[in-house]
Amino acid sequence: KQEVTQIPAALSVPEGENLVLNCSFTDSAIYNLQWFRQDPGKGLTSLLLIQSSQREQTSGRLNASLDKSSGRSTLYIAASQPGDSATYLCAVPYNNNDMRFGAGTRLTVKP
Amino acid sequence: GAVVSQHPSWVICKSGTSVKIECRSLDFQATTMFWYRQFPKQSLMLMATSNEGSKATYEQGVEKDKFLINHASLTLSTLTVTSAHPEDSSFYICSVPLLTANTEAFFGQGTRLTVV
């Protein structure tokens, strides 16, 4: 059974700081790993998709890394801004390609 | 553009009434769709898998008689919350399966259900 864990559960940083969010998964036989952003009361915004054969993927100030063998992924956010405040979720495909999600990291970036 | 369209985005209903949520696959035919539920400050959990032309499969602990799923066509799945109670208040979101192993997962916009 695939279990996805994210730490920390919550994080508060001052604006401008670089930060790392962590995601771990128990079954390393994954196709890919996806990072999402969720604003309060809203749906999911896909941030980055990292394939199982890739080590990292970048989009703007975001960089996701993947170490399949150790079952870990990190999301690095550079020069954080108040607009980055949201919950960040990682997820991996499972079984019939439904997704298994971590519990998320609630990020607050203070001006 | 959106790959999956979900309606309504929010709904408030009285306790004891039923609410229907629609999930449409816009760009391709989907023989399977997934329904998730997210309680406040918790993550998304798979509720059930909707199968076109056959019965839905439900995850453990999800009442199939309460959450009726109909996948009447290759582009539409509906979730009906029957006899809704305040504890059913949640965020419901649907998705379609991965097109390939190398593509991202696509989700609907989600539906915020509040039962009063």
task = Side-chain contact test, heavy atoms from C-beta onward, threshold under 4.5 Å: evaluate it for Ser9(B) versus Gln109(B) and give yes or no.
result =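 The answer is no; the side chains never approach within 4.5 Å.
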message = Counting heavy-atom pairs under 4.5 Å with chain A, which one of Pro40(B), Ala105(B), Ser95(B) comes out on top?
response =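 Option with the top pair count is Ala105(B).
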task = Tell me yes or no: between the side chains of Gln29(B) and Glu52(B), is some donor less than 3.5 Å from an acceptor?
result =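 No donor-acceptor contact under 3.5 Å links the two side chains.
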ask   = Between Ala91(A), Gly41(A), Pro93(A), which shows the greatest number of heavy-atom pairs under 4.5 Å with chain B?
value =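 Highest number of pairs under 4.5 Å: Gly41(A).
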query = What part of Gln38(A) lies closer than 4.5 angstrom to a heavy atom of chain B: side chain, backbone, both or neither?
reply =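 The side chain, not the backbone.
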Counting only non-hydrogen atoms closer than 4.5 Å, does [X] touch chain A with its backbone (N, CA, C, O), its side chain (CB onward), both, or neither?
X         : value
Phe106(B) : neither
Leu44(B)  : both
Gln6(B)   : neither

message = Checking the side chain of Arg61(A) only, and the main-chain atoms of Ala78(A) only, is there a donor and an acceptor separated by less than 3.5 Å?
response =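 Present.
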message = With a 3.5 Å distance limit and no angle check, can you tell me whether Glu104(B) reaches the backbone of Gln34(A) through a side-chain donor-acceptor pair?
response =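 No: the side chain of Glu104(B) does not pair with the backbone of Gln34(A).
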ask   = Would Tyr36(B) and Val62(B) show up in the same hydrophobic cluster when neighbours are defined by side-chain heavy atoms closer than 4.5 Å?
value =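 No, separate clusters.
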